[in-house]
Amino acid sequence: MRFTLSFNSVATSFFCTTTITPAIPVITTTLLKQCRTVIQANLVHQQILVQGLTEMATDLIGAYIACDAPGQAISMLERLAPSHSTVFWWNALIRRAVRLGFLEDVLGLYRKMQRHGWRPDHFTFPFVLKACGELPSFLRGASVHAVVCAKGFESNVFVCNAVVTMYGRCVWHDHEKQAQIHDGYEDVMVKDVVSWNAMVTGYSQIGRFEDVLALFKKMRENNIELNVVTWSAVIAGHAQRGHGYEALDVFRHMQVCGSEPNVVTLVSLLSGCAAVGALLHGKETHCYAVKCILNLEGSDPGDDLMVINSLIDMYAKCQSSKVARMMFDLISPKCRNVVTWTVMIGGYAQHGEANDALELFFEMLGQENLMKPNAFTISCVLVACSRLAALRLGKQIHAYVLRNQLESVMVFVANCLIDMYSKSGDIDAARLVFDNMKQRNAVSWTSLMTGYGMHGRGEEALLVFDEMRRAGWVPDGVTLVVVLYACSHAGMVEQGIKYFDSMSKEFGIVPGVEHYACLVDLLGRAGRLDEALKLIEDMPMEPTPIVWVALLSACRTHPNVQLGEYAASRLSELESENDGSYTLLSNIYASARRWKDVARVRSMMKHTGVKKRPGCSWVQGKKGTATFFVGDWSHPLSRQMHVILEDLIQRIKAMGYVPETSFALHDVDDEEKGDLLFEHSEKLALAYGILTTPAGAPIHITKNLRVCGDCHAAMTYISKIIDHEIILRDSSRFHHFRKGSCSCGGYW
DNA sequence: TTAGGGTTAG
C-alpha cells in the first residue's frame, strides 16, 4: 500500500521543529506541493522565513500561483534578482491570466517583468500574443510583434505561429485594418502549417473565402499540406455565417482530398446543417458520427458529448424537437453538461415550444448535481419569456443576471433582456437596460429600435437610429428593415419612403426583398394600395410570400376585394399552406358580405387540408398564465368573466360602440354574430384580466394571431371606463389602450 | 507554449 503524508501530518511535525536539520528543505518542498489554500501557503512561508530557507523562494512562488494567489507571487517575484529560472514563474503567472481571460493583467505583467529587469523569452511571447489576439484592436499585438523582431525571436516557430494567430484573430475584430494585418502576417519569417491555418481561420471567420483560396495556393507553393484543422476552420467559418450548404461542399471536398474528419469537423458541420435546417444532411452526419467517431476505443467522453450536443442542437433547429428530446433523454443526467441543457432549452424556445423550454429550465435548476445556467442558457430562457410575454419570469431572470453579473460580461444577454422587456410590453424597462449597458453592439441598437417600432413609437425609434449613427455605427440591411418597420407601424409614410429611397446612396445598402415588403406594408397600412401594387410590379426581383401577405393584409384593413383576390392568388402560387392568407381572404369577402365566397374559401381550405389556427389569448396573472381559446368558457372564473363582459358591452354600446359583425365569419344574422364576437379569445382574456389584476395596474394580454377589428374597437371603448391600461400584443405589434384611444393610431 | 469546435440577441 502506498503511504502518503497529508499536509496536516507533515505540517504538525514541521512546525514543531525548532532546530534545522538536513530533512527540512525536503519536507518544505513536500508541503509546498500539497498547499491548496493561501492560508496553508502563508503558514509554510512563515516557516521558510523563520528557518532562513531563501533557496525555497521560487518553490513558494509556485505554491502561491497554484493556490490562485497571484498578488503574493508577484510581490515575491519583484524582490528576486532576474534570472532564467525566475522567468519561468513570470511566464506561469502570465499563462494563468491568459487562461482566466484577464487580458489587461497579461499586458500589465508583461510590462512589469520588463520594468524589473527580466527579459521575455520564447515562452512569454506566445502567451502575451494570445491575449493581444483577443483585444478589439490589433495595434498592441503589432507592437509586441515589433518587440519579437527586435529581440531576435522571429526565427522561433512557436513565437511566429503565435504572431500569425494573433493577426488571424485580429482579422475578425478589425475588418477595416485588414491590409495592415495582412502585411504583419506576411512579415513573419517562419511559417508552418499551424500559422497558415491561423490565417485561414481568420479569413474564414469574416467570410473572406477568396483570401482563404489565395492562402491555399500559397500553401501549395510552399509544399504545406492542408490538414484536418485547415478544413475544419473553413467549414466552421461557413457554418458560423449561416452558410450550411457551403460548409457541406467543403466537407465533401475535404473527403475527396483524403483528409479524415474528426470531432471538431463534425461539430462544425452539424452547426452548418442546423443553420440551414438541412435535416437530411444532418442525419447523414449523425450516421457518420456513429460509425466513425462516437464511442470509439480510447475516444474522449468529453468529445463524444460535444458531438451529441451538436446533434441535439441540429435536430432541434431542423424542426425535429422530438428526436432532439429523445437524444437528450438518452444521456444520463450525470453525463449532461450545461451545453446539453442549453441546446435543448434553446431548441424548444425557438420553435414555438416556449412552455416546454421553461419547464426544462426548471428541471435543470432542480438537478441533484447542481447545474448552473450560463449566459447562453439565460439567453435561451429569455427568448422563451419573450415568446410568451412572460414579464414576471423575465424580471426574475433579470435579477439572476444582475446577481451573477452576466450582462456586464456578455453583451448578448443584455440584448436578450431588451428584447424580452419590449416584447413583454415594457418598452421603458427595455430602454433602461439599454442605457445601463457598458458595451453595446449593433444588435443592441436595433433591438431597442424594434421595440419602439412594435409599440408604435416610431419617432423614438428614429431618434435611436440617429443616435446609433452618431455613435459611429454603420447601419446594415437589418437596421433598415427595422427603420422601415417602425415608420410603417407609426404611419410615418413619407419618412419611410425617404429612408427607402436613400438606402443605396446614403448607407450603401441595395434594397432586398425584405425592404420592398416593408415598403409595401408601409403604403398598404396607409391605404395607398395602388402605389403598393405598382411597387410590387416594379420590383427588380420576384416577390416572395411576405410581399403578397403585406398587400393582402392591407386589402383587409382598407377593404378591396379585387386586389385582395389578386394578392391571394399570387400568394397561393408560391405558398399553398398559409392558413393566415385564407383567413385574410375570407375576412375580405365577409366584410363585403359575399358569403358564398366565404364558403368557397372554407371549402378550398378543407380540400387542401389547411386548418385555421384557432385564436388564442393569454394573460400573465399573479398566479401564472391563464390561456383562452375562442368560445372557451371552461375556466373556473367563467361565470364572473361573463358577468363583467356583459356589463361592459352594454355600457360601451351606450357610448356608441356597434359590434363590427363582419369579423364573425358566419352567415348568420347580426345579433348572433354579435354573440360570436363576444366569445373571442382576447375579450375573454380581458375579462379575466379585469378580474385578477390589481386596481390601476396594466393588463397584459398576448394573442397568437392578429387582434380582431371588433375586439380592437371594443377595447378602445372599454379603456375609457376601466381603471387599467390594456397592453395587448398580437402577432403584428403592440396596442396600448388608454383612456379611449389606442397607441396604434389605426396602423395595425 | 502554437492551429480548428457545440449553446446567444436585431
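First the proteins, then the strands, lettered A, B, ... as listed; each starts at 1. Values below: all heavy atoms of this structure, side chains included; hydrogens, waters and symmetry mates excluded. For clarity, every value in this text was computed on a predicted model and none was experimentally measured.
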Asker: Would the A/Y203 and A/F216 ring centres measure less than 6.0 Å apart?
Answerer: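 That pair fails the under 6.0 Å test.
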Asker: Remember a base hit wins even if backbone is also touched, and classify A/K191 as base, sugar-phosphate or nothing at under 4.0 Å, heavy atoms.
Answerer: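 Nothing, no heavy atom under 4.0 Å.
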Asker: Please work out if A/V443 contacts a base, only the sugar-phosphate, or nothing of the nucleic acid, heavy-atom cut-off 4.0 Å.
Answerer: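 Touches a base.
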Asker: Judged by modelled atom types alone, do A/N91 and A/T124 share a side-chain donor-acceptor pair under 3.5 Å?
Answerer: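 Yes, side-chain donor-acceptor contact under 3.5 Å.
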Asker: NA contact type, A/V263, heavy-atom cut-off 4.0 Å: base, sugar-phosphate, or nothing?
Answerer: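 The answer is base, as A/V263 lies within the cut-off (heavy atoms under 4.0 Å) of a base atom.
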Asker: Is the phosphate of B/dG5 approached by A/Q240 (side-chain N or O, under 4.0 Å from OP1 or OP2)?
Answerer: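 Checking B/dG5 against A/Q240, a side-chain N or O does come within under 4.0 Å of OP1 or OP2.
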Asker: In whole angstrom, what separates A/L448's CG from B/dA9's P?
Answerer: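 My rounded result for the distance is 18 Å.
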Asker: Would you mind checking if A/R431 and A/D428 are paired as a salt bridge, meaning a charged N to carboxylate O distance below 4.0 Å?
Answerer: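 A salt bridge is absent here (no side-chain N lies under 4.0 Å from a carboxylate O).
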Asker: Pull out every residue in residues 196-204 of chain A that has a heavy atom closer than 4.0 Å to any atom of DNA chain B, ordered by number, or say none.
Answerer: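 Heavy-atom cutoff 4.0 Å gives A/N197, A/T201.
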Asker: Would you say that A/S732 contacts A/H489 through its side chain, given a criterion of any heavy-atom pair below 4.5 Å between the two side chains?
Answerer: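 Contact flag for A/S732/A/H489 side chains = yes.
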Asker: From the options B/dT8, B/dG4, B/dG10, select the nucleotide whose nearest atom is closest to the side chain of A/F412.
Answerer: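 Shortest atom-to-atom distance from the side chain points to B/dT8.
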Asker: Return the nearest nucleotide to the side chain of A/M306; candidates are B/dA3, B/dG5, B/dA9.
Answerer: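 When the side chain of A/M306 is considered, B/dG5 is the closest of B/dA3, B/dG5, B/dA9.
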Asker: Taking the side chain of A/F127 as its heavy atoms from C-beta onward, which of B/dG4, B/dT2, B/dT1 lies nearest to it?
Answerer: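 Of B/dG4, B/dT2, B/dT1, B/dT1 is nearest to the side chain of A/F127.
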Asker: For the side chain of A/N415, counting heavy atoms from C-beta on, which of B/dA9, B/dG10, B/dT1 is nearest?
Answerer: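 Nearest to the side-chain atoms of A/N415, counting from C-beta on, is B/dA9.
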Asker: Whole-Å distance between B/dT8 P and A/R387 CZ?
Answerer: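 Answer to the nearest Å: 12 Å.
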Asker: Tell me which nucleotide among B/dT7, B/dA3, B/dT2 gets nearest to the side chain of A/D313.
Answerer: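 Of all the options, the side chain of A/D313 is nearest to B/dT7.
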Asker: Can a salt bridge be assigned to the pair A/R440 and A/E467 using a cut-off of 4.0 Å between side-chain N and carboxylate O?
Answerer: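 No, this pair does not count.
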Asker: Report the nucleotide, chosen from B/dA9, B/dA3, B/dT1, that has the shortest atom-to-atom distance to any side-chain atom of A/P126.
Answerer: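 Nearest listed nucleotide: B/dT1.
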Asker: Could you tell me whether A/N91 contacts a base, only the sugar-phosphate backbone, or nothing, with contacts defined as non-hydrogen atoms closer than 4.0 Å?
Answerer: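 Nothing, no heavy atom under 4.0 Å.
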Asker: Using the ring of each side chain (for Trp, its six-membered ring), is A/F251 parallel, tilted or perpendicular to A/Y288, with breaks at 30° and 60°?
Answerer: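 A/F251 and A/Y288: perpendicular rings.
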Asker: Please determine whether a side-chain nitrogen or oxygen atom of A/Q205 lies at a distance below 4.0 Å from atom OP1 or OP2 of B/dG4.
Answerer: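 So the side-chain polar atoms of A/Q205 never come under 4.0 Å of the phosphate oxygens OP1 or OP2 of B/dG4.
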Asker: Do the side chains of A/R387 and A/E353 get close enough for a salt bridge, i.e. N-O under 4.0 angstrom?
Answerer: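 No salt bridge links A/R387 with A/E353.
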Asker: Among A/F465, A/Y452, A/F434, exactly one meets ring pair (Phe, Tyr, Trp, His ring centres under 6.0 Å) together with A/W445. Which residue is that?
Answerer: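 Of the listed options, the one satisfying the test is A/F434.
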Asker: Do the side-chain N and O atoms of A/H281 and A/Y245 include a donor-acceptor pair separated by under 3.5 angstrom?
Answerer: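 Checked: A/H281/A/Y245 side chains show no N/O donor-acceptor pair below 3.5 Å.
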Asker: Starting at atom CD1 of A/I293, determine the distance to atom C1' of B/dG5, rounded to an integer number of angstrom.
Answerer: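 A/I293 atom CD1 is separated from B/dG5 atom C1' by 12 Å.
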Asker: Using a heavy-atom cut-off of under 4.0 Å over every strand shown, decide if A/T479 touches base, sugar-phosphate, or nothing.
Answerer: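 Result for A/T479 = base.
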Asker: Under a 4.0 Å N-O cut-off, is there an ion pair linking A/R325 with A/D329?
Answerer: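 So A/R325 pairs with A/D329 through a salt bridge.
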Asker: For the base of B/dG4, is there a side-chain donor-acceptor partner from A/N227 under 3.5 Å away?
Answerer: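 It does not, because no donor-acceptor pair links the side chain of A/N227 to the base of B/dG4 below 3.5 Å.
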Asker: Counting side-chain heavy atoms from CB outward, which of B/dG10, B/dT2, B/dG4 is closest to A/V228?
Answerer: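 Nearest to the side-chain atoms of A/V228, counting from C-beta on, is B/dG4.
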Asker: Which nucleotide in the list B/dA9, B/dT1, B/dT8 gets nearest to the side chain of A/C380?
Answerer: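 Nearest listed nucleotide: B/dT8.
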Asker: Quick one: A/L266 CG to B/dG5 P, roughly how many Å, whole number?
Answerer: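 Spelled out: CG on A/L266 to P on B/dG5 is 14 Å.
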Asker: May I ask you to check whether A/F88 and A/F123 place their ring centers less than 6.0 Å from one another?
Answerer: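 Between A/F123 and A/F88, which both carry aromatic rings, the centre distance is not below 6.0 Å.
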Asker: Rounded off to whole Å, could you give me the CZ-to-C1' distance for the A/F434 and B/dG10 pair?
Answerer: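 Between C1' of B/dG10 and CZ of A/F434: 12 Å.
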Asker: Within the structure shown, what part of the strands sits under 4.0 Å from A/A162 by heavy-atom distance: base, sugar-phosphate, or nothing?
Answerer: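 Touches nothing.
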Asker: Between the base of B/dT7 and the ring of A/F376 - centre-to-centre under 5.5 Å, planes within under 30° - is that a stack?
Answerer: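 Stacked: centres under 5.5 Å apart, planes under 30°.
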Asker: Would you say the rings of A/H286 and A/Y315 are close, in the sense that their centroids are separated by under 6.0 Å?
Answerer: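 Yes, the ring of A/Y315 comes within the 6.0 Å limit of the ring of A/H286, centre to centre.
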Asker: In whole angstroms, how far is the P atom of B/dT2 from the CD atom of A/E154?
Answerer: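 Result: 21 Å.
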Asker: Identify whether any heavy atom of A/R440 sits under 4.0 Å from a base atom; if not, whether one sits that close to sugar-phosphate; answer base, sugar-phosphate or nothing.
Answerer: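 Nothing: the residue A/R440, judged by heavy atoms under 4.0 Å, touches no strand.
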Asker: Would you classify A/T446 as touching base, sugar-phosphate or nothing, given that sugar-phosphate means primed atoms plus P, OP1 and OP2, and contacts are heavy atoms under 4.0 Å?
Answerer: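 Base, at least one base atom sits under 4.0 Å.
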Asker: Provide, to the nearest angstrom, the distance between the CG atom belonging to A/D192 and the C1' atom belonging to B/dT1.
Answerer: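 My rounded result for the distance is 13 Å.
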Asker: Over how many whole Å does the gap from A/K130 atom NZ to B/dT1 atom C1' extend?
Answerer: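 Rounded to the whole Å, the gap is 10 Å.
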Asker: Just to confirm, is there a sub-4.0 Å distance from OP1 or OP2 of B/dA9 to any side-chain nitrogen or oxygen of A/K423?
Answerer: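 Looking at the OP1 and OP2 atoms of B/dA9, neither is under 4.0 Å from any side-chain N or O of A/K423.
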Asker: Output yes when at least one side-chain N/O atom of A/R95 is less than 4.0 Å from OP1 or OP2 of B/dT2, else no.
Answerer: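 False: A/R95 side-chain N/O out of range (4.0 Å or more) of B/dT2 OP1/OP2.
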Asker: Using heavy atoms and a sub-4.0 Å distance, could you list which residues of residues 334-347 of chain A are near DNA chain B? By number, please.
Answerer: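 Listed by number, they are A/N337, A/V339, A/T342, A/V343.
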Asker: Tell me whether the side-chain N or O atoms of A/N262 pair up with the base of B/dG4 as donor and acceptor below 3.5 Å, since no angle test is needed here.
Answerer: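 Yes, a donor-acceptor pair under 3.5 Å.
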